Amino acid sequence: MQFLKDLNPKQQEAVKTVEGPIMVVAGPGSGKTRVLTYRIAYLIHIGVPASNILALTFTNRAANEMKERIVQLVGDKSKQLWMGTFHSVLAKILRIEGEKIGYERNYTIYDSADSLSLIKSIMSAKGISTQQFNPQAIRARISSAKNQLVMPDDYARRTLDLFEEKTAAVYVDYQKQLKHNNAMDFDDLLLKPIELFDRNKKTLEKYHDRFRFILIDEYQDTNRAQYILIRLLAEKHKNICVVGDDAQSIYAFRGADIRNILDFEHDYPDARLIRLEQNYRSTKTILDAADRVIKHNVDQIAKDLWTQNQAGEKITLLACADDRDEGGTIVQKIYEETHRRKIDLNGIAIMYRTNAQSRAIEDALRRNSIPYVIIGGIEFYQRKEVKDVLAYFRVLVNLRDDESFLRIVNYPSRGIGEAAIVRLRAFANSKQRSLLDAASGVGDLPGVTTKARNGLREVSTLFQKYVQIKSEISISELCRSLVDELGILPMFKNEGTPDAMTRWENVQELLSAITEFSERRSDATLEDFLQDVSLVSDIDEWDGSHNAVTLMTLHSAKGLEFPIVFISGLEEGLLPFSNSALDRKEVEEERRLYYVGITRAMEKLYLSYARARYRFGEVTYQTPSRFLEELSDASLETINNVQRYPARTHHVNEENAARHRKPPKQVDHDHSDVMPDYENDTASCLNLRIGSFVEHETFGKGKILTIAGVGDSMKAVVDFPSVGRKSLLLQYAHLKVL
DNA sequence: ATTAGGCGATTTTTT
DNA sequence: ATCGCCTAAT
């Protein structure tokens, strides 16, 4: 038991309290991951078979890291451990048990984009206008209903308005269609196991006996469905250890319910509560800043974070003229830092609220030849050509997957148009067969052109052929041969445009990914690969060992640490993010996100904001974030590039005076001339600001949400209680400030 | 049936 | 600014 001496007393207690429910509230950098890994290692060490342990994490990456570490501690006997994300572990259980609730083991997993297209097709089938009712919004409603375990019929009974009625109607068909396709969406991966265990007590008991010790990471980010699932699994032995930090709960938008962690002691009355409050990660300055910020929140478990680390350097605030300047200034600081400390680029991370912000920063990095890796954003597996090819594989694996079938039935073009599809659908429905199946009986199909008929026959024989050879050749050969037969690669080559070349490369890359996957796991099936694609995210694949700066959203940054962290875009409307007025709870979630960002930093933290920023292709004027005021002046130093551009509340006269002042120091090159003159702007003359209340001749009173554009084309979006949101040209609107 | 060109929405965050 | 979707033209 040598390894326990790596732990402080609190951590040891968390590791050695093996029986009964236990909650570990772990502040940032307090060794949470360490506790989890050592606890598992300890269990195995004292003789618990690894196969009796279930550990659920938030990302696959966290799971893999821990697994490796555990192997180091106790060796190969840990291999039988069940560890992964909720979604991946449950997907695995559903492959085994799904037949009990009417799914075949080769079911397909739909991502949000797949769900959306299914919802759209249901809407058009039911004659619900996608103009009037936003399919995205309907998808989101259905998803959140599922997260709360509200079933279609329950939902239908509780509708409050027309939109919800339509949603209810779509929801019913959506679930039917998923089942018909032998497919599940992300939410089903949580829901269906609950259904399984409810209906099938024997199966539940089997898993009770298997998972005698359960550990949950990032408990603050679990939703209702996950909560119920954990309760079901743990109800017999009650050996459940949850680890989390309410202050780092940042997934409410996805249904995460912070009550799960706040009420743990209520749910398990004899629960042991352990707080880890010593921070090993950050300097005193950084930790104090984080602590000060989070104290502004009302909803939280009180904690006293402390550290023995040194005070370290002050936090540096970079006040920038615009997003381009922000990128340039960050680059300059990266230069300084890499020269000053012996630090590699992979010790540096740049974080932002929205993926769209990465662009200006990427430009700056590229201009200065600084290598970077970017996490998230437009994902490889979301690209059209990749999804198209994957759809072929999906159909091959699950012949009932109508959604994927529809995607590829006329790709590449086979002369199958909408009319033919309508006929095929009707035919399939009447026979209760899948579309692919129906396509094979295309001879009986009336009202279809010869061309379409031949096309359908072609698709059908194509799949018959590959179903047959599927088990005979390796999956990489199978996939390559299928792609070759489609002829899309030469098609891209012939097109010759840079865009087509990228597509060509992407398809090649997909094929290499499959090869690599099957080399890594000798028994891997195509089913396994497809599941991996659905459930693995960018962050899971990220490898911090390259010499490159890492760019990512604040959400992706959770669980990571870097010696140097930049948080960019500290502006109202961006961090905290809003498209309209925020209520307290929303601001608190944004603040937690900010807190997560701050606490990623070990040695040095930079914050930055831009006075102006391109959003939606227009210049928008930004106000520094309220979160900046929550830091103490003593711990902060400011580098100001924007002396010329005083705060927007200032009067015109002062601005004129300010214009003649020279900026103290030009930090970076070539980005100083893009700013428009403030003093000519209608908005500044009128003293209009985001959040101002104004009056309009016809619309009445309203509140300004955004201001964009320059000079004559300057526009404001105003929220009028009477008529809703309006985008107005200030030149004509004659707004009166109230 | 395919394609070009115009229009409108889109940007919150993700398993 | 960019992407997807729709319409009109071929």
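Owing to the predicted nature of the structure, the values given are computational and were not obtained by experimental measurement. First the proteins, then the strands, lettered A, B, ... as listed; each starts at 1.
Among the atoms of the strands shown, only primed sugar atoms or phosphate atoms (P, OP1, OP2) are found under 4.0 Å from some heavy atom of A:N410. Contacts of A:Y251 with the nucleic acid, taken as non-hydrogen atoms under 4.0 Å apart, involve only primed sugar atoms and P, OP1 or OP2. Within 4.0 Å of A:S112, counting heavy atoms only, lies at least one base atom of the nucleic acid. Counting non-hydrogen atoms under 4.0 angstrom, A:N147 reaches nothing in the nucleic acid. Within 4.0 Å (heavy atoms only), A:L189 reaches no atom of the nucleic acid at all. Here A:K384 lies out of heavy-atom contact (under 4.0 Å) with every strand.
With B:dT15, B:dT13, B:dT10 as the choices, the nucleotide that has an atom nearest any side-chain atom of A:F186 turns out to be B:dT15. Counting only heavy atoms from C-beta on, A:R359 has its side chain closest to C:dT2 among B:dT11, B:dT14, C:dT2.
Ring pair A:H555/A:F253: centre-to-centre distance below 6.0 Å.
If you take CZ of A:R254 and P of B:dT13, they are 13 Å apart, rounded to a whole angstrom. Rounded to a whole Å, the CG atom of A:D217 is 14 Å from the P atom of B:dT15. Distance, A:I374 CD1 to B:dT13 P: 12 Å, rounded to whole Å. Computed from coordinates, the A:Q622 CD to B:dT11 P distance equals 18 Å when rounded to whole Å. Distance A:E385 CD to C:dC3 P: 12 Å, rounded to the nearest Å. Between A:Q531 atom CD and B:dT15 atom P the separation is 15 Å, expressed in whole Å. The CG-P distance, from A:L593 to B:dT13, rounds to 11 Å in whole Å. Taking atom CG of A:L574 as the reference point, atom C1' of B:dT11 lies 10 Å away to the nearest angstrom.
Exactly one of A:R394, A:R383, A:R407 qualifies for a salt bridge (charged side-chain N to carboxylate O under 4.0 Å, His left out) with A:D388. That residue is A:R407.
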Would you please test A:Y251 and A:F58 for ring-ring contact (aromatic ring centres under 6.0 Å, His included) and show each step?
CA-CA 11 Å; A:Y251 281 98; A:F58 196 70; 5.0 Å; yes

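Distance alone, capped at 3.5 Å, is enough to place a donor-acceptor pair between the A:R414 side chain and the A:V409 backbone.
Stacking between A:F253 and the base of B:dT13 is present: ring centres sit under 5.5 Å apart and the planes differ by under 30 degrees.
Ranked by how close their nearest DNA chain B nucleotide is to the 5' end, A:L535 and A:G415 are led by A:G415. Residue-to-nucleotide proximity on DNA chain B shows that, of A:D187 and A:Q136, the 5′-proximal contact is made by A:Q136.
The phosphate of B:dT10 (OP1 or OP2) has a side-chain N or O of A:N134 nearer than 4.0 angstrom.
We find the CG-NZ distance between A:D245 and A:K32 to be 8.5 Å, quoted to the nearest 0.5 Å.
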